[in-house]
Number of protein chains: 2
Amino acid sequence: MSRKPNLKDVAKVAGVSAITVSRVLTDPTKVSDKLRNKVEKAVHEIGYIRNHAASALASKKSGVLAVIIPSLSNIVFNDVLQGIYQAVKAKNLQVLLGDCHYSPLIEEQLIATLLSQSPEGFIVTGTAQTDYARKLLLQADIPVVQIMELTNQPIDMNIGFSHYQASYDMTKHLLQQGYRAPAFVGARMDPRTQQRLAGFKQAIADWPEPCRSFIQTTVQPSSIKLGGQLLQAVIAESDNQCDAVFCCNDDLALGAMFESKRMNLNVPKDIAICGFNDLEASALVEPAITSVASPRAEMGRQAVEMLFSAAGKGRHAVAPVDVGYSIMVRSST
Amino acid sequence: MSRKPNLKDVAKVAGVSAITVSRVLTDPTKVSDKLRNKVEKAVHEIGYIRNHAASALASKKSGVLAVIIPSLSNIVFNDVLQGIYQAVKAKNLQVLLGDCHYSPLIEEQLIATLLSQSPEGFIVTGTAQTDYARKLLLQADIPVVQIMELTNQPIDMNIGFSHYQASYDMTKHLLQQGYRAPAFVGARMDPRTQQRLAGFKQAIADWPEPCRSFIQTTVQPSSIKLGGQLLQAVIAESDNQCDAVFCCNDDLALGAMFESKRMNLNVPKDIAICGFNDLEASALVEPAITSVASPRAEMGRQAVEMLFSAAGKGRHAVAPVDVGYSIMVRSST
DNA sequence: AGCACCAATGATTGCGCAACCATTTTGACT
DNA sequence: AGTCAAAATGGTTGCGCAATCATTGGTGCT
């Protein structure tokens, strides 16, 4: 046999009908032990592997879960992915992963492409999908979960936490520690970073005593190195007045921390540094960096569970889930 | 229209035949401008998305690339993945990603599962596949690339570099710097880590002058924290004799570096520290950490290219590729 | 033994698309 | 205008499987 074996070939070898072979592969309990053994032997003997395309076409089940994240290089989404893969392992699912590079337009194209695989569920990051992307997702009639942030107008289901509120709390923490000239340092400036910036501004505005504040942002992607550069920039721009730096993520914060060492600045005396995401390194550098922790893997896991409990129940089958966050106060502030 | 639109629905709206719509989607140059415009308008209007299962079944092309990595949490494989995704973007391919958690048995199951999707190519990490996994891959009659390491018996194609040689060179560097009691610190102990350990041992053995060496390993997964613990352990075990620590990766090296600060050890005077993989942080901590750099994203990119240039050419269409490495000497040694 | 009922198995059919081949239209040339 | 080749378009069919319904065989009961 040169071509790939199909169900009929197995059936012939096993001396049963094709549909019986199919049943052995999908639900062995439906077949008697005798036939099942014969079939399994035949399958192994000729190395039969089911044709997924035909199976998906006939059954209208693709066994595929579509996931779009904004970046493969940002370790934050890796944690979420790990949770997703862990939850998916038990179920009979394959993950189709797309990286939209923080672009809603690329995301839209990816959604169209991934939808062509008839995924049984869709996980997208954030809430900034284009109108057409939303339309496609709604039309697909599959459960959709938007993760990472919370929104009032979810496409379907939603799990995340408030970056605005977390940032507000962190800024308040800085002010409570006595810092009166905090700076917000942001890179990439994706929607979640902007929400963090908004929380920072509001916390400053709400503070009863007078205080100054500085803002230094760039659309460049985050990196540790960039954190050092932005620290330099904000110190220069503030004319040495700023006494605390709230970095929009821990990569920048680590970079700022390393740079402050080089500049012989004492953290937290000369300047406080805090970040966001609570990467492992943040807790282990000296001084350890105050950061915002959130249960990312758990969020990924729950997103998958939501997809499953929502299957066939129409839109908004599961209420939005706020996974919360914690301000991990450490010696850097 | 409640059910999902299909080719015929689009054809009706556009006033053409179904096959014309199909052509617009697969090769627009085969259709006149007039019809193409009509079709594209209709597609967008009703939000048509091609059914991939049917397409794959009819055309015998799945448009899928299977990739297996040992860990999603190890940032090293992220770099490779990025390269893969970048290379795949241009081609009309989707990536099916599997995480085998460093287990050949899970890998074997994953290979079987992913093969059912009729991938047009397969990328696996390392060279430690089980015999049955190798058989399945060979039988599938698709191009296969083993990445990360080099091997004399590749399943098909192979791209990577010698972890043994890199480790040998790094150890030699330590000895040349005058350290005479280096320790190798390893976690996870996957095949590549073992190759690094072997390189370390050989370099010690080959060194003309007498020197001591220490080895501290664990099968626990790597982490920054673990790096600190292993540093403590190796110092204790060597009775304070060891003067250099070669960590099997940069996570451990960073942890060792942070820990050495806490222990008030001067790096590199009291103790040298070096790592492997050259993560961004390694170059930016103070003192910067000597490490082994390799072109990981480029490796991923090239692996995809190899799959393509090999398509239809049978086994070993492309010779093994050694992407090499560089010892990044920094102030920690 | 006879009956009812359920489990096990089989035959037919259609999922949605692209390959293949047939037909029509276009346009380049005499 | 007429001819022919090439380009554009359409009709029919089958990819391999599982849903559906039909049939067979077995079991427990009176």
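We name chains A, B, ... by the order of the sequence lines, and we start the count at 1 in each one.
Heavy-atom contacts of chain B under 4.0 Å fall on DNA chain C between two terminal nucleotides, which in 5' to 3' order are C:dG16 to C:dA19.
The distance between atom NZ of B:Lys60 and atom P of D:dC17, rounded to the nearest whole Å, is 10 Å. The interatomic distance linking B:Lys12 (NZ) with D:dG10 (P) rounds to 15 Å, in whole Å. In this structure, the CG atom of A:Asn51 is 18 Å from the P atom of D:dG14, given to the nearest Å. Nucleotide D:dA7 holds its C1' atom 14 Å from the CZ atom of B:Arg36, rounded to whole Å.
Side-chain N/O atoms of A:Glu149 and A:Gln195 include a donor and acceptor closer than 3.5 Å. At a cut-off of 3.5 Å, with distance as the only test, a side-chain donor of B:Thr130 or B:Glu108 sits close to an acceptor on the other residue. No donor-acceptor contact under 3.5 angstrom links the side chains of A:Thr113 and A:Ser116, judged on distance only.
No engagement by A:Lys8 is indicated, since no non-hydrogen atom pair under 4.0 Å with the nucleic acid exists.
For A:Glu298, the salt bridge (charged side-chain N to carboxylate O under 4.0 Å, His left out) partners are A:Arg301, not counting sequence neighbours.
Looking at B:Phe122 and B:Leu114, their side chains come closer than 4.5 Å, going by heavy atoms from C-beta outward.
Nearer the 5' end of DNA chain C, as judged by each residue's closest nucleotide, is the contact made by A:Lys30, out of B:Leu57 and A:Lys30.
Interatomic distance, A:Leu115 CG to A:Leu137 CG, rounded to the nearest 0.5 Å: 5.5 Å.
Taking the six-membered ring where the residue is Trp, B:Tyr132 and A:His44 present parallel rings, their angle staying beneath 30° rather than reaching 60°.
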Between N or O atoms, less than 3.5 Å apart, protein on one side and nucleotides 18-24 of chain D on the other: list the pairs.
unit_1, atom_1, unit_2, atom_2, d
D:dA18, OP1, A:Arg50, NH1, 2.6
D:dA18, OP1, A:Ser55, OG, 3.3
D:dA18, OP2, A:Ser22, OG, 2.3

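A side-chain contact (heavy atoms from CB on, under 4.5 Å) with B:Val67 is found for exactly one of B:Leu96, B:Leu97, B:Val88, namely B:Leu97.
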